[in-house]
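Here's the structure we're looking at; comments come further down.
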Amino acid sequence: MTTTSDLIAQLERLGGEFAQAIAPLADEQAIRAAQAQFLGKKGQVSEVMKALGRLPPADRPLVGQAANQVKDAIAQAVEARLAALAAARRQADLARTLDVTLPGRPVGGGHLHLLTQVRLELVDIFAELGFAVAEGPQVETDWHTFEALAIPKDHPARDMQDTFYIADELVLRTHTSPVQIRTMQAHPPPIRIVAPGVVYRRDDDATHSPMFSQIEGLVVDEGVRVSDLKGVLLHFVNRFFGGAGGAGGGGLDVRLRPSYFPFVEPGVEIDMSCAFCAGAGCRLCKGTGWIEIGGAGMVDPDVFGHVGIDAERYTGFAFGMGIERMAMLRHGVNDIKLYYEGDLRFLDQF
Amino acid sequence: MKAVWSWLLELCDLPHAPTVEEGARALTAGGLEVEGVTDLGAGFTGVVVAEVVATRPHPGSQKLTLVDVVTARGGSATQVVCGAPNVPAPGRKVLWAPPGATLPGGMTLSTRAVKGVDSPGMLCSETELAIGDDDRGIIVLDADDATAPGAPAQQALGVADWVLEVAAPANRGDCLGHLGLARELCALLGGRLVPPAPGPDLEALAADLDAAALAAVTIDDPVGCPRYVARVIDGLVVGPSPRRFAQRLRAVGVRPISNLVDVTNYVLFELGQPLHAFDWHQLRGASIAVRRARAGERMTTLDGQERALVAADLLICDGEHPVALAGVMGGADSEVSATTTRVLLESASFEPRSIRRTARRLALPSEASQRFERGVDPELAPLAAARAAALLARLGGGKVARGHVDVYPRPPARPRVPLRLARARALIGAELHAGACEAALLRLGCEVEPDGAAGDGHWTVTPPSARADLTREVDLIEDILRIHGYGNVPATLPALHVGPAPLVDDRADRARRALAAAGLAEAITFGFQSRERALALGLPPGDRRAHPVAVRNPMSAEQAVMRTSLLPNLLAAVARNASFGLGDVALFEVGAVFLRQPGQPLEGEPATLCDEPLRAAAVLAGARPRWLGPPQPWDYFDVKGVLEHLARTLGVGELAYVAAADIPYLHPGVAARVRGADGRILGELGEVHPDVRARLGVEVPVFMFDLALGELAPAAPAQMRPVPRFPASARDVSLLVDAPVPSARVRDVIRAVAEPLVETVRLAEEYRDAVRLGAGKKSMLWSITYRAPDRTLTDVEVDQAHEAIVARLLAETPAERR
Ligand SMILES: [Zn+2]
């Protein structure tokens, strides 16, 4: 005859058995299964409780109480076990180590060509002053390349730029200046453009490449002056070369030296004070404190005549610079050929 | 042009004598860039002028002489051993390098025994001092040389001097002589030009002959030859020029030859006027005619070459034959020689273009032709003739025939150029004063008259005849600015005015940035290439790219034709990198290619500009960027991924990829054409054909694309779609299809259903397994997501939509469901 106290004792024992049963279990599913096994319809607790009907009614609440305590104990044991497992997992996770000195998995690795980087920077600098970008064909007419720029056939200035010919009247442009002509033909003033692009000359040595790139600037408007040319160039050299040699940002000067280009009058060579030695003299400025960076001048009235712009009403200036030279000066590139060989040992440096 | 500093100063009257550095700086600042200054006497030090006071034979050698020299009159003599055969008699001066002196090449002299006799230093020859090429004996100064004993040898040799290398601009032919440079120096430093004045000399040297009777000059072509001045000098004796006279020629880079030839060169460098000396006795008929060549005419120039002439060549002829190619080269028959006694001197001006054409055609550039090509002032001709005549008479011991012949049919009117102060100020942007403008023009040698009728600040300016480049107001303004100084121009910025905003096509740079972001390095390669490389792609004749435009005058075979595709240069770069051991290459280039315009002939020189379409091409060779573990070779899907990334970045919408076995430079099984939404072909991608690789020396597989960047529709600004507020539901379907069925086919079927609830369609898995799936079959797992913008879809709705799509797929692909 099962007594009330037996029954209570059995229930209490079940609590202990459950704790033992789940002690070795390490995953939540198994623990939940064990819990269901003890508390389910056919579980141990239900088995014990089948004897409840044979007890005196007055004792039944006591046993019910005991059964609830067991159920609570089982639930607590489950929670405690799961918490212990979680803590152990966290502990184990935190015990992980990695050789953090192994190399990173490569990402990207692509880049723009140095000349593209420099060109984009030049265009940005001139954009600050309102210059837009213009382009033109590389195979050009003789007229756009020479005649319209006041360089007729048999002009000695044609010697300054030894030309690749495609046909009698077609050349590989020797400078970006034909873009000036095309722009002035297409748009009435005011005009304010820069024209970057590759050009070709029959010249091939350590400092000359048969193909190289220039950037050309053109401003045409009423009241454009030599002093405006100087100001634009001053802005440019300080933005591009300022601080290039650790000489301190800004503070670079521009010197215009009279020179001759048939399509400008007056024509000048552009020198900037050496950004690399602060004027003390170095290899780049050949000890002079000045570095030649390009040519410029006021648009020749004859050029305006060729494109139908009134030279009395409008004036303008143009300038041209070699992009390779900009990059050579600022990045120490010592051989112009390196730019065009697709050699990753060079390209990947920038 | 090389200029000798002392020569320049002779032609200037300057308020204070500038140093050579000051002179060089002034010329450079004035636009005549001095590219270098050479100290002529820098090669040796300590060498002095010494007078020979006694000579006697060396006791131990017949070839050696013992020479007593003094470096001060009445001073004590030093005995020097000399091996030269020309030791002069006492009283003449030689150049002595005593112990401590240094010679070119760095040798320092000491006292040394020569065959048993101590010699303190040595007496020097031209070659030992590197001032000339005479090594036959020591330098003996001319008998009348006035240099004092003890003076530095540089002084006696005329090398206590500097040579300036001046880059004269192409329009400043006047600066190809010392006179023109001196004019500039005077203008820049504020001085007065002093042209050489041969006048009085000539009177004293006059012969009993009349130039007009000895040289009848006619000009048939006054355009080709605006002016011809002739003089005749008689009784000449050909011999060497005096040492310092010859030294000036050496300094400007001309080898002294004889007094006759040297004088013409001297005057050329002094005044910039080329001269020619004819041996009068070799001229037939005592006459000179200037005319164009006749068809078939030939002549032998003084270099011994027989030249076939063309009608454009300008000739100097005697009574019978051509005797010179005008301004370019003299003829062999009439050349002066060692026996010449009478000279007809030509001082003429010729039209630049004519000289240029002849000199170009015959490849005969000379000091003379270079000057005529830039233009020589006709007003110089009489001065140069007189100067040379006087020098010839003096150096050659001759007499000058009376008068000169001067044929100058149409002297041009000197331009009178109006100038406005207001215009100068407006163009320069500097405060200029009327007085300063006038002063600058006067210093440049201009005549300046106020234009009273037009009011203050208006002038009429007549530039000097030497300055043919000054014809317009703006030319004068430039010269005023040169004298005023660019350093005195302020820096301003041009005012911004509203103009039409230009449309900027930045597709090229956006593509470059996208491709760089995708991990590729940008290459920039030449626009031209070898014909062989251009043809390496094996394109059929019907392809425009198979007919590159040729460069007419390439410098090498590598510049023969313009590129029609970016691919060959990129593949060559792959090969080049591989040769350096860099096998992993991911390169791209964005740039123009050059195609004959439609309708132009496929061969020969084009008559029109090229089409220069913008292309973007990429090549992947070797493996992806390396990390731990084995290399992972690039494959087709890498290059396709890059292309898809590019298309996405440019916003060109979805591109279609169609398998293409007929692209000659791609592997027939790994190649596709790229089509835009409108069906146009926009490019190709795939694996480079092994034959093409072999032609370009590439040994490993290369995956590439080549996209017609310029033909992509410009992207409209992206428009926002509402961010979904309701969840999506995904359904998968696994299909068994015939292996050749492209995934695009399945996608097309799904798209054709046009189910509005479909949000995305993604191929999640594709595999082949002959055992499990059967040969010739493949399995594809497609994942489709469904979403409605306004509600959460029920399972029933999603299932319905999905099953409808699956049914279409099974029927139309066709496919089986797995
Ligand atoms: Zn420096």
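These figures come from a predicted structure and were not determined experimentally.
Per-residue counts of heavy-atom pairs under 4.5 Å with chain A were compared for B:Arg423, B:Arg172, B:Gln370, B:Arg482; the largest is that of B:Arg423. Of the residues considered (B:Ala516, B:Pro169, B:Pro494), B:Pro494 shows the highest number of contacts with chain A, using heavy-atom pairs under 4.5 Å. With chain B as partner, the option from A:Glu135, A:Glu265, A:Met211 having the largest number of non-hydrogen pairs under 4.5 angstrom is A:Glu265. Your options are B:Glu605, B:Arg552, B:Arg624, B:Arg374, and the one with the most heavy-atom pairs under 4.5 Å with chain A is B:Arg552. Options A:Ile191, A:Asp203, A:Thr183 differ in how many heavy-atom pairs under 4.5 Å they form with chain B, and the most are formed by A:Asp203. Contact tally against chain A (heavy-atom pairs below 4.5 Å) for B:Asp469, B:Thr525, B:Leu493: the top residue is B:Leu493. When each of A:Gly109, A:Pro210, A:Gly130 is scored by its heavy-atom pairs under 4.5 Å with chain B, the top score falls to A:Pro210. Of the listed residues B:Pro625, B:Ala521, B:Ala523, the one with more heavy-atom pairs under 4.5 angstrom with chain A than any other is B:Ala521. Chain B forms more heavy-atom pairs under 4.5 Å with one residue of A:Leu112, A:Val107, A:Leu347 than with any other, namely A:Leu112. In terms of heavy-atom pairs under 4.5 angstrom with chain A, the leader among B:Leu481, B:Thr28, B:Ile477, B:Asp509 is B:Asp509.
In this structure, CG on A:Asp302 lies 12.0 Å from CD1 on A:Ile151, to the nearest 0.5 angstrom. Taken from NE2 in A:His113 to OH in A:Tyr340, the straight-line distance is 7.0 Å, to the nearest 0.5 Å. B:Gln600 CD to B:Asp611 CG: the interatomic distance, rounded to the nearest 0.5 Å, is 9.5 Å.
A:Asp343 touches chain B through backbone and side chain together, each having a heavy atom under 4.5 Å away. Both the backbone and the side chain of A:Leu129 come within less than 4.5 Å of a heavy atom in chain B. For chain A, the nearby parts of B:Val585 are the backbone and the side chain; heavy atoms of each come within less than 4.5 Å. In this structure, the portion of A:Leu102 lying under 4.5 Å from any heavy atom of chain B is its side chain and not its backbone. Looking at A:Ala311, only its backbone comes within 4.5 Å of chain B, counting heavy atoms on both sides. Contacts between B:Leu628 and chain A at a heavy-atom distance below 4.5 Å involve the side chain alone, from C-beta outward. Neither the backbone nor the side chain of B:Ala430 comes within contact range of chain A, judged by heavy atoms closer than 4.5 Å. For chain A, the nearby part of B:Thr608 is the backbone; its heavy atoms alone come within less than 4.5 Å. Neither the backbone nor the side chain of A:Val254 comes within contact range of chain B; no heavy atom of the residue lies under 4.5 Å from a heavy atom of that chain. Residue A:Leu120 touches chain B through its side chain alone, counting heavy-atom pairs closer than 4.5 Å. Only the side chain of B:Leu587 comes within contact range of chain A, with at least one heavy atom under 4.5 Å from a heavy atom of that chain. Residue A:Val198 does not touch chain B at all, counting heavy-atom pairs closer than 4.5 Å. Looking at A:Glu169, there are no atoms closer than 4.5 Å to chain B (heavy atoms on both sides), in backbone or side chain. For chain A, the nearby part of B:Arg420 is the side chain; its heavy atoms alone come within less than 4.5 Å. Contacts between B:Val549 and chain A at a heavy-atom distance below 4.5 Å involve the side chain alone, from C-beta outward. Heavy atoms of A:Ser209 lying under 4.5 Å from chain B belong exclusively to its side chain. Only the side chain of A:Leu170 comes within less than 4.5 Å of a heavy atom of chain B; its backbone N, CA, C and O stay farther away. Using a 4.5 Å cut-off between heavy atoms, B:Arg576 touches chain A through its side chain atoms alone. Proximity to chain A (any heavy atom under 4.5 Å) is restricted, for B:Asn577, to the side chain, taken from C-beta onward. With a threshold of 4.5 angstrom between heavy atoms, B:Ala518 does not approach chain A through any atom at all. Residue contact with chain B, scored on non-hydrogen atoms closer than 4.5 Å, involves the backbone and the side chain of A:Arg105 alike. For B:Asn569, no part sits under 4.5 Å from any heavy atom of chain A, backbone or side chain. For chain A, the nearby parts of B:Leu427 are the backbone and the side chain; heavy atoms of each come within less than 4.5 Å. Within the 4.5 angstrom heavy-atom criterion, only backbone atoms of B:Ala495 (N, CA, C, O) approach chain A.
In terms of modelled atom types and a separation under 3.5 Å, the side chain of B:Trp627 and the main chain of A:Pro103 share a donor-acceptor contact.
A:Tyr200 and A:Gln138 share a side-chain donor-acceptor pair at under 3.5 Å. Using modelled atom types, one finds no donor on one side chain facing an acceptor on the other under 3.5 Å when comparing A:Glu140 with A:Thr145. Using modelled atom types and a 3.5 Å distance limit, the side chains of A:Gln117 and A:His111 yield no donor-acceptor pair.
Applying the salt bridge (Lys or Arg N to Asp or Glu O under 4.0 Å) test to A:Arg257 and every residue at least two apart in sequence or in another chain returns A:Asp271, A:Glu292, B:Glu33.
Salt bridge annotation for B:Glu35-A:Lys286: absent, with no cationic side-chain nitrogen under 4.0 angstrom from a carboxylate oxygen. Electrostatic pairing of A:Asp124 and A:Arg239 does not count as a salt bridge here, judged by no charged N lying under 4.0 Å from a carboxylate O. Salt bridge B:Arg563/B:Glu589: present, at least one basic N to carboxylate O contact under 4.0 Å. Remark: B:Arg472 engages A:Asp300 in a salt bridge, criterion side-chain N to carboxylate O under 4.0 Å.
The side-chain tip of A:Arg345 points at the ring of B:Phe580 from less than 6.0 angstrom away and within 45° of straight on.
At most 12 heavy atoms of other shown residues, nucleotides or ligands fall within 6.0 angstrom of atom CD in B:Gln632.
Ring centroids of A:Phe346 and A:Tyr339 are separated by less than 6.0 Å, placing the two rings close together. Between A:Phe126 and A:Phe319, the distance separating the two ring centers is shorter than 6.0 angstrom.
B:Tyr486 has its side chain within reach of A:Val226: a pair of non-hydrogen atoms, C-beta onward, lies under 4.5 Å apart. For the pair A:Phe164 and B:Met555, the minimum side-chain heavy-atom distance is below 4.5 Å.
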Subject >> Criterion side-chain hydrogen bond (donor to acceptor under 3.5 Å, both in side chains) on A:Glu222 and B:His497, from CA distance to verdict >> reply: CA-CA 9 Å; A:Glu222 292 177 354; B:His497 293 141; over 6 Å; no
